[in-house]
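One structure below.
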Amino acid sequence: MLQRIELPGRLNDRPVPDSLRGMIHDLHQRIETFQDRWDVPQVEQFVAADYELVYQTLDWIRESQLLIGNRFVEWGCGFATVTVIADMLGFDAIGIESEATLIEQGRKTISDWWQPLRQTATDTGTDSASGGNPSGTPTSQSPVGQSAPPELFRGNFLPSGADDLADDPTLPSLGHDVPPAYRSIGLDLDDFAVVYSYPWPGEDEFHESVFAEHAAPGAILVQFAGPNDTRAWRRLANDSNRANSAY
């Protein structure tokens, strides 16, 4: 069962570090170039999100919500932008992607941007991952993060048996002919404190159902649902809050 987390109304007013804005600008150019190539198969299920809004959402989640741990997974990581953002914010982040060509692009993102963004994250000036702290001193939200770059794993982000939760067999998330990645990772979905997904139209409830069935009690699902629209859910431990819950 999931409980909706109410996000603040002016979430997009939260500061975004200049270095991250630069990364996002460069990545959008890379993504456009990749999608315009004629010599590689097109990955129709890859669409870029509003990465600044995703950063602002994850930054607020980390600052304001009780987390059951520090592990973060991005479902369908593509160019691994959100994986790198989560690492910048201090999560132990990994990405799962079914397409080999996108895994290659994601690893390039990590190679190019992990070190500069980690430096930004550990800065004590205004351009910091702690939300532009004007005092120039670290805050309680200053991240520790990983000492090594985040890893990407090729495979299906859906755990075994999750297909059975879908009402529609044509949902895009069901079309990945690769085994679940969790065995390669050495973790199960319920080992992660935060999960990020970008569902296609019509499959957001499916992603929520998979999370409700397989995530750990207290874990948080963050969804990018379209322009100016991010959502967050917490997996409840029992049925005691059913009146305030969606499932």
Side-chain angles (χ1 to χ4, degrees), residues 5-35 45-65 67 72-91 93-95 97 102 105-106 108-134 139 141-143 145-146 149-150 152 194-201 204 207 220-233:
I5 296 173
E6 292 300 324
L7 300 176
R10 301 184 66 85
L11 188 63
N12 58 3
D13 287 343
R14 294 180 70 86
V16 177
D18 290 341
S19 56
L20 179 59
R21 290 188 188 276
M23 167 200 165
I24 291 170
H25 178 268
D26 289 353
L27 278 173
H28 276 300
Q29 291 186 321
R30 265 186 58 207
I31 291 168
E32 289 178 10
T33 300
F34 173 79
Q35 291 175 326
Q45 293 182 355
F46 172 65
V47 177
D50 180 346
Y51 297 121
E52 291 185 6
L53 180 59
V54 173
Y55 169 86
Q56 291 162 325
T57 303
L58 292 176
D59 187 38
W60 181 83
I61 291 285
R62 189 158 182 82
E63 177 184 279
S64 67
Q65 298 299 301
L67 300 177
F72 175 101
V73 62
E74 180 181 5
W75 282 355
C77 64
F79 276 52
T81 313
V82 176
T83 302
V84 174
I85 287 172
D87 175 271
M88 177 187 182
L89 287 167
F91 289 102
I94 67 168
E97 175 55 57
L102 291 180
Q105 293 296 325
K108 176 173 171 52
T109 300
I110 292 170
S111 175
D112 290 347
W113 285 104
W114 178 74
Q115 192 61 50
L117 291 182
R118 291 307 302 161
Q119 183 59 48
T120 295
T122 54
D123 255 353
T124 57
T126 57
D127 187 24
S128 71
S130 59
N133 173 24
T139 73
Q141 297 302 322
S142 296
Q146 304 177 100
L152 306 182
V194 180
V195 174
Y196 168 82
S197 82
Y198 181 3
W200 277 78
D204 50 340
H207 282 203
I220 293 176
L221 171 66
V222 177
Q223 290 180 331
F224 177 75
N228 303 310
D229 188 2
T230 52
R231 303 170 188 175
W233 306 87

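Keep in mind the model is a prediction, meaning the values are calculated, not measured.
For the pair T81/M23, a side-chain contact is recorded, criterion being any heavy-atom separation below 4.5 Å from C-beta on. Within the 4.5 Å cutoff, the side chain of P227 has no heavy atoms near those of the D50 side chain. For the pair D26 and W113, the minimum side-chain heavy-atom distance is below 4.5 Å. Side-chain atoms of L58 and F72, non-hydrogen and from C-beta on, do get closer than 4.5 Å to each other.
Closest of all the heavy-atom pairs between E52 and I24 is CG-CD1, 3.5 Å. Residues H28 and A49 come closest through the heavy atom pair CE1-O, 3.9 Å. In this structure, R62 and L89 approach most closely via the heavy-atom pair NE-O, 2.8 Å. Of all heavy-atom pairs between I110 and P149, the closest is CG2-CB, 3.6 Å. Contact detail for E97 and G76: the closest heavy-atom pair is OE1-C, 3.4 Å. When all heavy atoms of T83 and E74 are compared, the pair lying nearest together is OG1-OE1, 2.6 Å.
Around atom NE2 of H25, no more than 12 heavy atoms belonging to other residues, nucleotides or ligands sit under 6.0 Å away.
Here the CG atom belonging to D13 is positioned 8.0 Å from the CD atom belonging to Q56, to the nearest 0.5 angstrom. Rounding to the nearest 0.5 angstrom, the gap separating the CD1 atom in I61 from the CG atom in L7 is 6.0 Å. Atom CD1 of I5 is separated from atom CD of Q65 by 4.5 Å, given to the nearest 0.5 angstrom. From R118, atom CZ reaches atom OG of S19 across 11.5 Å, with rounding to the nearest 0.5 Å. Distance check, rounded to the nearest 0.5 Å: CG of N228 to CG of N12 gives 6.5 Å.
Residue F224 forms a ring pair (Phe, Tyr, Trp, His ring centres under 6.0 Å) with just one option from Y196, Y55, Y51, Y198, and that option is Y198.
Not one N or O on the side chain of R14 forms a donor-acceptor pair closer than 3.5 Å with the backbone of T57. Side chain of Q105 to backbone of F79: no donor-acceptor contact under 3.5 angstrom is found.
The aromatic rings of H207 and W75 lie perpendicular to each other, with more than 60° between the two planes, well past the 30° mark.
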